[in-house]
Peer 1: 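The structure under discussion is supplied below as structure tokens; questions concerning it will follow.
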Amino acid sequence: MSLRPKGCALLLTAHLFATPAAAQLGGSLTLSSQTRLRGQPISDHRPVAELEMVHDGDGGFYLGAAAALVATRDEGLKPLSFRPYAGLAKRLSDAATIDVGIVQNRYSSYSAINGGGSYTEAYVGIAGRHVSGRLYLSPAYFRRDAPTLYMELNGHLGLARNWTLVGHAGRLTFLKDRPDSYAGDATDWRLGLRRRLGRVDLDVAWTGQDGQHGAEGALVIALAFAL
């Protein structure tokens, strides 16, 4: 949903720097004004609710999944997406962790993907206290003949008590020629403020993409509840 402020990012940060005594099962419920896939609108600019759960196993192994519903214009709540993932995180130092894993993204016909669609990616990344980066490799990005590499950088900076500046930049690159009708390489971004309200995070962010058809962005508001 990504990301949208992503519950995955919140849960992963907690996982990467958790102590051995931390809970083995965590989750979040995120309500957002819309959701976007790497800067592109994916929910027809409609509100979305996403439930995510992740289990931390022994030795740094984790397993999770996220499911989302969209409030459609005419048919009420409908399934939007499902995202299972699994990975392994290992500390390099007190301030850095390496992370490898695999994730599958599935979108229903109620998404902006015509007829629905899916893709699988392997990823590797390094996370610090305030900055993290990942590389994602997909052999078939929504279609068999479309291998891609996606690179992202995420960061956050505390501004005052319970206030945080959050940012994201990503770049999607196709690794072989594609049909002219297919979307091309694109850069996406997100910049916003996060307000901590107890167990709830309020995010207000400007997010968008600069791709084949020019730049386009929108304001996205989200509430993330820790479970």
Side-chain angles (χ1 to χ4, degrees), residues 1-30 32 35-39 42 48 50-68 80-107 117-142 146-156 166-173 175 188 190 201 203 222 224-227:
M1 216 178 243
S2 103
L3 139 153
R4 58 186 200 243
K6 303 222 176 182
C8 179
L10 299 176
L11 294 173
L12 181 59
T13 300
H15 165 82
L16 293 180
F17 294 101
T19 66
Q24 293 297 299
L25 183 66
S28 68
L29 174 63
T30 301
S32 56
T35 190
R36 293 191 161 225
L37 173 63
R38 292 171 179 170
I42 202 73
V48 170
E50 182 183 72
L51 175 65
E52 181 165 9
M53 301 299 294
V54 59
H55 178 266
D56 293 335
D58 295 334
F61 175 76
Y62 60 90
L63 179 69
L80 176 69
S81 63
F82 182 64
R83 189 179 74 253
Y85 57 88
L88 181 68
K90 290 291 186 181
R91 285 194 179 189
L92 300 177
S93 69
D94 290 341
T97 300
I98 189 169
D99 178 35
V100 296
I102 189 168
V103 57
Q104 184 180 62
N105 292 271
R106 307 175 192 171
Y107 292 93
S118 66
Y119 64 94
T120 301
E121 291 177 313
Y123 59 82
V124 59
I126 295 180
R129 293 289 180 183
H130 300 287
V131 179
S132 65
R134 268 187 178 179
L135 298 177
Y136 296 81
L137 185 64
S138 174
Y141 192 70
F142 288 112
T148 57
L149 174 68
Y150 181 73
M151 302 174 286
E152 69 172 6
L153 185 66
N154 301 287
H156 64 274
V166 294
H168 160 88
R171 176 69 178 174
L172 178 68
T173 302
L175 301 179
D188 66 280
R190 179 174 175 270
D201 283 338
D203 277 47
F225 303 82
L227 303 177

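Note that the numbering runs from 1 along the sequence shown for the chain.
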Peer 1: Over 60° means perpendicular and under 30° means parallel, so classify the ring planes of Y136 and Y123, tilted if in between.
Peer 2: tilted
Peer 1: Say you draw a straight line from CD1 of I102 to CG of L88; how long is it, rounded to the nearest 0.5 Å?
Peer 2: 13.5 Å
Peer 1: Once you measure the plane-to-plane angle for Y107 and F142, does it fall in the parallel (<30°), tilted (30-60°) or perpendicular (>60°) bin?
Peer 2: tilted
Peer 1: Would a 4.5 Å heavy-atom cut-off, applied to side chains only, mark I42 and R36 as touching?
Peer 2: no
Peer 1: Could you give the distance from OH (Y62) to CG (D56), rounded to the nearest 0.5 Å?
Peer 2: 9.5 Å
Peer 1: For the atom pair CZ (R129) and CG (D94), what is the distance rounded to the nearest 0.5 Å?
Peer 2: 7.0 Å
Peer 1: Please find the pair of heavy atoms, one from A222 and one from S32, that lie closest to each other, and give the distance.
Peer 2: CB-CB, 3.8 Å
Peer 1: For the residue pair L172 and D188, establish whether any side-chain heavy-atom pair is separated by less than 4.5 Å.
Peer 2: no
Peer 1: What distance separates I126 CD1 from D99 CG, expressed to the nearest 0.5 Å?
Peer 2: 10.0 Å
Peer 1: At their closest point, which heavy atom of S138 faces which heavy atom of E121, and how far apart are they?
Peer 2: CB-CG, 3.5 Å
Peer 1: Please tell me if the side chains of E50 and L80 come closer than 4.5 Å, counting only heavy atoms from C-beta onward.
Peer 2: no
Peer 1: I need the R171 CZ to Y150 OH distance, nearest 0.5 Å.
Peer 2: 11.0 Å
Peer 1: Where do L63 and A86 come nearest, in terms of heavy atoms and distance?
Peer 2: CD1-CB, 3.7 Å
Peer 1: Spell out, as yes or no, whether a donor-acceptor pair under 3.5 Å connects the side chain of S28 to the backbone of A226.
Peer 2: no
Peer 1: Begin with the C-alpha distance, continue with both residues' side-chain angles, and end with the deciding distance and a verdict on salt bridge (charged side-chain N to carboxylate O under 4.0 Å, His left out) for R83 and E52.
Peer 2: CA-CA 9 Å; R83 189 179 74 253; E52 181 165 9; 3.5 Å; yes
Peer 1: Would you name the heavy atoms of K90 and T97 that are closest together and state the gap between them?
Peer 2: O-CG2, 3.2 Å
